[in-house]
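Comments concern the structure below.
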Amino acid sequence: MKNKIGTMILAAAAVAATGVFAKDDAEAALKARLPEIFAKAADHYRALDAAATPLMKGKVAKMVEGKSDLYVPHGWKDNVGRLDMRSIFWWTSGNFPGSLWYLYKATGDEFFKSRALAWTSILAPNAKVTTSHDFAYVMNCSFGNAKRILGTDRYDALLAETAETLAKRYDPRLGLIRSWGPIGDKKHFLVIPDNLMLLELLEVVSKMPGGDKRFDEMARSHADMTMKHHFRADGGARHVVDYDQKTLRVQEIRRGQGASCETAWARGQAWAMYGYTMMYRETGDKRYLDFACKLSDYAIGHPNMPSDGVPYWDFGAPGEERDSSAAAVMASALLELAGFVGGEKGAKYRAFAVKQLTTLSSPEYFSEGGEIGHFLLKHGVEHKPAGLKIDTPLDYGDYYYLEALLRLSK
Ligand code: GLY
């Protein structure tokens, strides 16, 4: 794997020399740039790792999830020009190690493997956290990628323990995993479409040798219930749905991170597109495939979707900030979906993903040097209604951007 980028440069040059750009010029042009993009991304992340490593150990932080003195880079504090380090229990702490795994896959450089292992290993305490659903996302992006990329079963027990922990948040009467809030809360049972991303860990664990099939049943039930209650007829996603645990009915819909209850928060839509595509991959259930298409058609055909493919942070907020992280998640989902769907429809999804990745790879979005602490993508929005991290780099934006480029390179 050592000289993977060199091999890719030669392959790209060969494609250019033979003029095989006929089918899709935009795709061929982006593919030809992949070696250069991965090389730049690798340089950025080498610098980011060097800046973050001395900050890995800090003061003991007490979070709802537990105490730890270990930190992972999450973003960049534009106002003070400093890295934003978060506790290992922060919901995105698996994304930086996950990006290092993707860079190892892209470059074959052992440096990224050793740094990915170092940052992944400190996240193990997440396997026991029951206070939110997010720790399963953390574990899948870090240890899950270690398993997939190294092809090892060394982390299976830890991933299985994580699935057991997540199962404690599952209510069999509702058939749903509680996303936010404590397990014992009798008044509220909050579910968000972001939760679909964790179902991958349940599916992975259920397929391990001797894996518990209960986890597959939970994942399917959660996906089915979410399909029923979380989306409007046109395919637009709602963010927070609160269930009444006595009547088993929806008791409230909240805008959450979105602009309103009647619009679609862009990253929530993206999580759902990705989640149902992944559920089709894992289960082969065609309903999930059809639903992923419906959600994707909503997003890419929306009148407020800008022509360059990077959505505003909410589909109901045209003219406001764009969210590069939503575009990256969508692009990765659309590339996988395109492969399942095939034909004209698949080509449409693929072309849209290529457009998004081309925009994200332009100087408008892809950072040069250290302007944003060596993260890759500018212009992400974490939580606009709460005024948190608006127009800024986000670790998960980089992670799905790299994942999507890897999917494109296949
Ligand atoms: N709630 C997870 C996210 O911001 O996407």
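When a ligand or atom number is given, it counts from 1 through the structure's own listing order. Positions are given from 1, in the same order as the sequence printed here. Hydrogens, waters and symmetry mates play no part in the numbers below; they use all other heavy atoms, side chains included.
- Below 4.0 Å from some heavy atom of Trp265 lie the following atoms of ligand 1, by number and element: 3 (C), 4 (O), 5 (O).
- Relative to atom 2 (C) of ligand 1, the option among Leu388, Asp194, Leu394 with the closest non-hydrogen atom is Asp194.
- Atom CZ of Arg82 has 12 or fewer heavy atoms from other residues, nucleotides or ligands within 6.0 Å.
- Taking distance alone, with nitrogen or oxygen atoms compared against 3.5 Å, Gln257 approaches ligand 1 more closely than that limit.
- With no hydrogens or angles considered, no side-chain donor-acceptor pair links Asp290 and Tyr280 at under 3.5 Å.
- Aromatic pair Phe96/Trp90: centroids not less than 6.0 angstrom apart.
- A salt bridge is absent between Arg267 and Glu382; no separation between the charged side-chain nitrogens and carboxylate oxygens falls under 4.0 Å.
- Of the N and O atoms on the side chains of Asp194 and Tyr274, not one donor lies less than 3.5 Å from an acceptor on the other residue.
- Remark: ligand 1 and Trp271 share an N or O pair separated by less than 3.5 Å (distance only, no angle test).
- Some N or O of Arg267 is nearer than 3.5 Å to an N or O of ligand 1, by distance alone.
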